[in-house]
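Keep in mind that this is a model prediction, so the values were computed, not measured. Throughout, residue positions are numbered sequentially from 1 according to the sequence presented. The analysis underlying the following values was restricted to heavy atoms, covering all of them including side chains, and did not include hydrogens, waters or symmetry mates.
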Amino acid sequence: MASFTNSVSASIFVFLLITSSSQSYSAYSSLTPRNSGGYKCMVNQFFAPHNAARAAMRMRPLQWDYKLENYAKWYANQRRYDCALQHSNGQYGENIFWGSGEDWTPAQAVAAWLSEKSSYDYWSNSCLGGSECGHYTQIIWSRTRRIGCARVVCEDNQGVFITCNYDPPGNFIGERPY
């Protein structure tokens, strides 16, 4: 069965284009040691809101996965040059985010994805009124167990690109997230 994140016909994934920010956040570098405070803070900004949303739905928490993190870094670094909102079309579920300026945090990207909760109708298993909800459903997809994410500041003041990858992927057409 085709995944929304990998399906060309899946119109549910329209990307968030956000143009302003009020919080400062220094760029995460792929050279930041994994045991540093900056790295741990970055991971927690991705991880905590994902697992809080899952806990609210009484779902098992996600585990941080270095293989998925490395995949996300690899893909985010490809987008560093153009900041294009394009999915990697890889084997994992994926949420992507772009914001203008350099101050967007991982927590803000995840909050934007989670804001789609109000647009998801469980009974019809669809997004209400043509709005987006696929980022939210990927986060709470019950069979997903692992996550890895990355953030890059794009060159030439093009903004910030953020991606999270999920394994197993979610958003399969015709299936409910939980």
Closest non-hydrogen atom pair between P169 and G93, with its separation: CB-N, 3.2 Å

Evaluation steps, side-chain contact (heavy atoms from CB on, under 4.5 Å), between N70 and K73: CA-CA 5 Å; N70 288 336; K73 285 182 194 176; 4.2 Å; yes

Polar side-chain atom of S142 near backbone of P177 as donor-acceptor pair, under 3.5 Å: yes

N95 versus Q138, side-chain donor and acceptor atoms under 3.5 Å: no

Heavy-atom side-chain contact between R151 and V160 under 4.5 Å: yes

Nearest non-hydrogen partners of C133 and S126, listed with the distance: SG-C, 4.1 Å

Spacing of SG belonging to C154 relative to CG belonging to D82, to within rounding of 0.5 Å: 7.5 Å

Exam field: side chain Q108 to backbone T105, donor-acceptor pair closer than 3.5 Å: yes

Sidechain N-carboxylate O distance under 4.0 Å for R146, E69: no

K67 versus Y92, closest heavy-atom pair with distance: CE-OH, 3.3 Å

Pairwise distance CD1(I140) to NE2(H135) - rounded to 0.5 angstrom: 14.0 Å

Residues which pass side chain to side chain donor-acceptor pair (under 3.5 Å) with S119, listed by chain and number, not counting sequence neighbours: S131

T137 side chain to N171 side chain, donor-acceptor N/O pair below 3.5 angstrom: yes

Y71 side chain near D167 side chain, heavy-atom distance below 4.5 Å: no

Distance-minimising heavy-atom pair for V153 and R80: O-NH1, 3.5 Å

Distance in Å, D65 CG paired with I147 CD1, rounded so as to fall on 0.5 Å steps: 10.0 Å

Pair F47-K40, side-chain contact (heavy atoms from CB on, under 4.5 Å): steps then yes or no: CA-CA 10 Å; F47 205 48; K40 290 176 184 175; over 6 Å; no

Side-chain donor or acceptor of R60 paired with backbone N/O of R54 under 3.5 Å: no

Donor-acceptor contact below 3.5 Å, side chain D156 vs main chain Q158: no

Validation row: T163, E94 side chains within 4.5 angstrom (heavy atoms): yes

Geometric class of the Y122/Y178 ring pair [parallel <30°, tilted 30-60°, perpendicular >60°]: parallel

side-chain contact (heavy atoms from CB on, under 4.5 Å) evaluation trace for C164 with F46: CA-CA 8 Å; C164 286; F46 283 120; 3.6 Å; yes

Common cluster, I139/L128, ILVMFWY with side-chain heavy-atom separation under 4.5 Å: no

Short side-chain to backbone donor-acceptor contact, N51 and P61, under 3.5 Å: no

V152 reachable from Y81 in the ILVMFWY side-chain graph, under 4.5 Å edges: no

Nearest heavy-atom neighbours spanning A84 and R79: O-CD, 3.0 Å

Side chain to side chain, C149 and W64, heavy atoms closer than 4.5 Å: yes

Any residue meeting side chain to side chain donor-acceptor pair (under 3.5 Å) with Y136, in chain and number order, not counting sequence neighbours: none

W113 side-chain N/O to I96 backbone N/O, donor-acceptor pair under 3.5 Å: yes

Contact check, side chains of F161 and Q78, non-hydrogen atoms, under 4.5 Å: no

Expected output: side-chain W104 to main-chain G159 donor-acceptor under 3.5 Å: no

Check: Y120/N125 side-chain N/O donor and acceptor closer than 3.5 Å: yes

